[in-house]
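Within every chain, numbering begins at 1; the chains are lettered A, B, ... in the order of the sequence lines, protein sequences first and strands thereafter.
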Amino acid sequence: MLRFRRLVHTAIKKDILVVGGGPAGLSLVTALKNSALTRHLDVAVVDGQPIVERLGNWAANNKTTEFENRVISVTPGSVSFLEKIGAWENVVHERTLAYDEMMIWDGESGARIEFDAFDSATGTVATMIENSNVQQALLNTGNTRDTVIQAQVEKIHTVNGLPTVKLNNGIEIEARLLVGADGQNSPVRQFAGITTEGWDYSRHGVVATMHLEFDDFKQTAYQRMLKTGPLAFLPLPNATATLVWSTYPERAQWLKQLEPQAFTAMVNAGVRLDMADLDYLHSLDPKNTDEIIYEVTWRLNTLDEDDTLPTRVESIVPKSVASFPLKLRQADEYISERVALVGDAAHATHPLTGQGLNMGQRDVAALVAALELAVSRGLDIGSLDALEPYPRRAYLQNQLLLGVNDSLYKLYSTDCEPIVRLRTLGVQVLNKLGFVKNKLVEMAD
Amino acid sequence: MQGNKTEMAHFAALAKSWWNPRGPQRILHKMNNMRMDFINSTLGPSITDPNQNTSKLTVLDIGCGGGLLSESLARRHYVQSVLGIDVTPEVLAVANSHKLVDPKLTNLKYELRSVMDLESVKQSAEKPTFDIVTMFEVLEHLDDPKEALKLAMSKSSQYVFLSTINRTLAAYISTIALGEYVLNIVPPGTHTWSKYINATELESYVLGSGVNSESIWDVEKLQGCIYLPGTGWVRFDDQSNYSTK
Ligand SMILES: Cc1cc2nc3c(=O)[nH]c(=O)nc-3n(C[C@H](O)[C@H](O)[C@H](O)COP(=O)(O)OP(=O)(O)OC[C@H]3O[C@@H](n4cnc5c(N)ncnc54)[C@H](O)[C@@H]3O)c2cc1C
Ligand SMILES: C[S@@+](CC[C@H](N)C(=O)[O-])C[C@H]1O[C@@H](n2cnc3c(N)ncnc32)[C@H](O)[C@@H]1O
């Protein structure tokens, strides 16, 4: 006798499944659980990394350790959002630094633009904070930690009209709304068939954590615009700073091969020496530490000390040097039926204005606002009716920001004489036009 | 079943695309957002605030169509149950199958029935009336809107929410001319001019209708709105579409 067994679909059901427990994904879950309108929704977040294990007790374990190399600058707008959702109080504040001034200068002409924390109620331009510090604060807010499932997403497909995620531990989860907070290569975006526009800058960002010769207590962020890309020198507490040096991929490779002392010398050179000198230094053998230090030191000794520039670097934290390719990407849509994208899954930007994480926070705020509205209107949270207000809020703003970032970047990545002169003039005029700078900073907020 | 045959044929044709937010019923989807906002604000925070533990309300949705409003209300935490009725079998079939997309909608039921045939409809054996009766965009499709309104009011113990197209030039321009012909958003024939009802007419129906003999009904809030292409629904302070208590 034949017996037929019905195949039962045994997926776990969730109202919202977030793929990716980075800053964007964890903010989303925390914000949803913090809102009276959306708190009843059944939410989970999956991440392939052991984030709970790594970050659950980060605050207690990391009071005195070295700063991590993935440090980001959060704008006052992001800080007030994190305050609103109850996460900011869980940040380890001793490991953050709010800066109230930003100095940008031109590597060719020396022209400067200085941003103060004009108008801003908080008196800061932005706050430097480790990526992990943001994530651990979110994990430890409300019951965010309990929503985390550690597993890699292997496959996403549609079952009975709902996106269904297959995890590498065999579990299947079906969601009314699937959120891609899964970074630049976003499997969720690929599942939804959403294409992206953009290009690679053919530049890499080299990051490192640096100890300074002394604490200058200045709380200033610096960016030197070089033809190879901007060199950003961003303050951390206790005479420490973090580096994001955007440069040609081969130069990034070269920098990564240096011994720590040679790397230290090259950062000091990158902040103070002319492009011609830098070009020469990059032609040296990266393994010849003594020669590099010698060639940098005598050159630096010919310069008068300029205390408007960042304090010199004494040493770098070993193993903190890393690099990543820089690109500009904007997804063509942030939503499709039962799918929404936030954070790097939706867009990637040059780190020039430190917007990567902040744009993600704005996405999350806009998506949560859309979902609150949807709940109050009794809509199906995965439907286009529910999701449509989200891109209406977030897309254009991000597009503007990506556009601004990109044109600033292009303006500075040339050493063509007339353009250098023009942009020097531009910066000098801009420096006097408080209004325009206000606008730029507001937009960066 | 009493329903206008032309109207029924018309809505039967619209049934398939009812739930497509980018299809011919696009304006109705947008309008649904606005009326949910209107209902929420009329009921007020004492009922709608998710932190309050108020007793839940029962709803009768007359002329529910594909169920846009019925589903929305059924999902709100302050709603106990929704009964949707409609005279067109095709749209009711759509409502019933769309309901299955969300398994949590167990408190929502549909019934094939005309508004003219409400007598026997009861919330339960003990309770003949509903806390809320809604009748959105239905009056203008009826042969005897006055009688329908009277019946609707007789089924409500607290609130009646309704909207209809106003027979004014503004409404004519926005829904008939722009809506049907210029923009081709809803297929021609969805609205017929002579059936449009004027705001004052509606108000006098409500206040002077037989059910209001003891003057228990009052028009609580009137809200007008117009659909502007490219902008969406815009509110103004009288006329056009409105709701009553
Ligand atoms: C190497 C690097 C250095 C950076 N440095 C800086 C900097 O110095 N300053 C700055 O402002 N910005 C920097 N950024 C950008 C900033 O970190 C990002 O903008 C920010 O982290 C974006 O957050 P997110 O939550 O959107 O994505 P992410 O932080 O990328 O998080 C995505 C998460 O999704 C998970 N995930 C992806 N695929 C799967 C899958 N299939 N299954 C399960 N989980 C999955 C990942 O494990 C990850 O945790 C850097 C980015 C990178 C990649
Ligand atoms: C414009 S639709 C409105 C649908 C729904 N109320 C909404 O606004 O989403 C009008 C509906 O009224 C229904 N209808 C027309 N005459 C009716 C009657 N006599 N009794 C009940 N429903 C009727 C039609 O079938 C159609 O579904």
To the nearest 0.5 Å, what is the distance between OG on Ser376(A) and NE2 on His77(B)? 10.5 Å

Only one of Asp15(A), Asp42(A), Asp380(A) clears salt bridge (Lys or Arg N to Asp or Glu O under 4.0 Å) with Lys104(B); which? Asp15(A)

Top of Arg35(B), His29(B), Arg75(B), Glu71(B) for chain A proximity - count of heavy-atom pairs under 4.5 angstrom: Arg75(B)

Take Asn32(B) and Asp385(A) through the test side chain to side chain contact (heavy atoms under 4.5 Å, CB included) and record every step on the way to the result. CA-CA 10 Å; Asn32(B) 193 49; Asp385(A) 279 335; over 6 Å; no

Near Glu372(A) CD, under 6.0 Å, is it more than 12 heavy atoms from other residues, nucleotides or ligands? yes

Heavy-atom closest pair, residues [X] and [Y]:
X        : Y         : value
Arg22(B) : Leu384(A) : CZ-CD1, 3.8 Å
Leu37(A) : Pro50(B)  : CD2-CG, 4.0 Å
Ser72(B) : Arg377(A) : OG-O, 2.9 Å

Tell me, for Asn40(B) versus chain A, whether the close heavy atoms (under 4.5 Å) come from the side chain, the backbone, both or neither. side chain

Identify which part of Asp102(B) has an atom lying under 4.5 Å from any heavy atom of chain A, answering side chain, backbone, both or neither. both

Can you confirm whether Val101(B) sits close enough to Arg176(A) that some side-chain heavy atom of one is under 4.5 Å from a side-chain heavy atom of the other? yes

Non-hydrogen atoms of chain B under 4.5 Å away: do they reach the side chain of Glu337(A), the backbone, both or neither? neither

Using a cut-off of under 4.5 Å on heavy-atom pairs, state which of Ala36(A), Ser383(A), Gly382(A) scores highest against chain B. Ala36(A)

